[in-house]
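Just so it is clear, the model here is predicted, and its values are computed rather than measured. All ligand and atom numbering here is 1-based and tracks the order in the structure.
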Amino acid sequence: MSTVPKPPPRRKVTTLRLQEMKTQGERIAALTAYDWLMARLLDESGIDVILVGDSAGMVFAGHDTTISMTMPQMLYHASVVARAARRALVVGDLPFLSYQLSEKEALRNAGAFMKEALVEAVKLEGGEMICPTVRRIVDAGIPVMGHLGLTPQSIHKFGTYRTRGVETGEAEQILRDARALQDAGAFAVVLEKIPSELAREVTAALRIPTIGIGAGAECDGQILVSHDMLGLFTRFRPRFVRRYAELGKAMQDAFRQYTADVKAKTFPNAEESYWRDEELAGGES
Ligand code: KIV
């Protein structure tokens with residue numbers, strides 16, 4: 001007998017539903033997708049939120065950071081994911097410099113995610129400094145998810161992937177940033193790689209849900225990069241990544257076996273080939 005839990009009933013997930021889940025103490029499960037097939041599999045598994053993350057720059061495109069992702073690239077990924085998802089809330093990640101130059105440009109780009117890619121919310125990185133922009137986007141009717149702690153678009157400013165918010169000053173700033181995002185109208189905040197105690201404090205201080213990645217068990221929800229938890233992206237492995245499968249290894253085994261079969265002339269066999277007599281008799285439809 002399988003021990004894999006059955007997916008929950010198919011009620012469409014909205015930002016309001018996420019708020020209800022926080023209130024009711026029901027954890028929010030979020031994962032990333034960049035393509036239709038992954039998004040469809042996630043959606044059918046009962047995931048609550050699918051983030052079309054700019055982690056695509058690393059995981060899908062093979063760059064060292066997320067910084068090079070562009071609006072056209074993100075819109076393409078977001079549009080194929082949004083087409084696949086029926087139940088999950090789909091969030092599009094605003095790429096580096098698509099929201100920092102002016103509030104007007106930020107609104108235009110957030111709007112493009114909604115109008116062209118048909119996602120239901122956008123995510124951006126930053127705290128108090130970015131709040132006027134968050135307010136402008138939310139006022140236009142676009143739900144915004146914040147992102148604090150280790151914000152990968154600022155990796156060159158940090159110069160390190162170490163845990164954020166360890167020192168008191170930075171921890172207090174993260175708490176202020178989280179409150180400011182809530183006041184600016186954000187519907188949720190991602191907390192990345194911060195101490196569990198700080199994530200607990202932020203979660204208790206906010207009415208809106210926190211979604212943790214490397215932020216301990218007391219956030220209102222959790223998010224991982226799907227390719228990390230599936231064992232597909234293995235270039236590095238922070239300790240917050242729990243591997244639920246080893247698909248990278250399974251795929252390589254399959255590719256190696258296929259190559260060996262082709263070379264040994266055992267693929268295709270007679271049943272995997274078409275024959276004139278069978279085709280004349282009706283063949284494969
Ligand atoms: O881009 C991304 O996938 C993200 C998540 C890791 C939160 O921002």
Side-chain angles (χ1 to χ4, degrees), residues 18 27-35 38-39 42 47-71 73-78 80-82 85 88-100 109-110 113 117 119 121-127 130 134 143-155 158 161 163-165 174 177-178 181 186-194 199 202 208-216 219-230 232-233 235-243:
L18 297 183
R27 291 289 198 255
I28 297 161
L31 285 168
T32 57
Y34 322 118
D35 65 85
M38 180 77 83
L42 286 172
I47 202 80
D48 299 308
V49 177
I50 301 177
L51 172 67
V52 188
D54 63 359
S55 50
M58 300 171 75
V59 173
F60 178 88
H63 294 290
D64 288 336
T65 72
T66 61
I67 289 167
S68 59
M69 289 309 280
T70 63
M71 272 303 292
Q73 288 167 343
M74 288 303 300
L75 287 177
Y76 177 70
H77 288 294
V80 295
V81 168
L89 181 84
V90 179
V91 181
D93 212 0
L94 281 160
F96 181 57
L97 283 197
S98 69
Y99 55 95
Q100 293 95 335
N109 285 326
F113 264 106
V119 303
V122 296
K123 177 169 86 58
L124 49 74
E125 298 181 5
I130 206 72
V134 171
V144 174
M145 178 182 270
H147 186 157
L148 296 172
L150 181 65
T151 45
Q153 291 176 10
S154 304
I155 192 58
F158 296 142
Y161 280 95
T163 312
R164 311 305 307 181
I174 289 173
D177 286 339
L181 284 167
F187 72 92
V189 184
V190 169
L191 300 175
E192 179 161 353
K193 209 171 179 200
I194 63 170
V202 174
I208 59 173
T210 58
I211 316 274
I213 171 162
C219 295
D220 299 302
Q222 298 291 328
I223 184 161
L224 285 175
V225 170
S226 295
H227 292 67
D228 288 344
M229 59 87 82
L230 291 173
L232 278 168
F233 185 78
R235 245 165 59 188
F236 46 83
R237 183 181 177 181
R239 72 185 217 213
F240 61 75
V241 173
R242 184 183 292 179
R243 288 261 185 88

Kindly state whether the ring of F233 and the ring of F236 have centres lying under 6.0 angstrom apart. yes

Once rounded to the nearest 0.5 Å, what's the spacing between atom CE of M229 and atom CZ of F240? 13.0 Å

Salt bridge (charged side-chain N to carboxylate O under 4.0 Å, His left out) partners for D228, two or more places apart: none

Considering all heavy atoms of both residues, which atom of A33 and which atom of M38 are nearest to each other, and what is their separation? CB-CG, 3.9 Å

Give a table of atom pairs where an N or O of ligand 1 lies under 3.5 Å from a protein N or O.
| unit_1 | atom_1 | unit_2 | atom_2 | d |
| --- | --- | --- | --- | --- |
| ligand 1 | 1 (O) | D54 | N | 3.2 |
| ligand 1 | 1 (O) | D54 | OD1 | 3.1 |
| ligand 1 | 1 (O) | S55 | N | 3.0 |
| ligand 1 | 1 (O) | S55 | OG | 3.3 |
| ligand 1 | 1 (O) | D93 | OD2 | 3.2 |
| ligand 1 | 3 (O) | S55 | OG | 2.5 |
| ligand 1 | 8 (O) | K123 | NZ | 3.1 |

Answer with yes or no whether the side chains of S55 and Y34 bring together a donor and an acceptor at under 3.5 Å. yes

M74 side chain reached by D93 side chain, heavy atoms, under 4.5 Å: yes

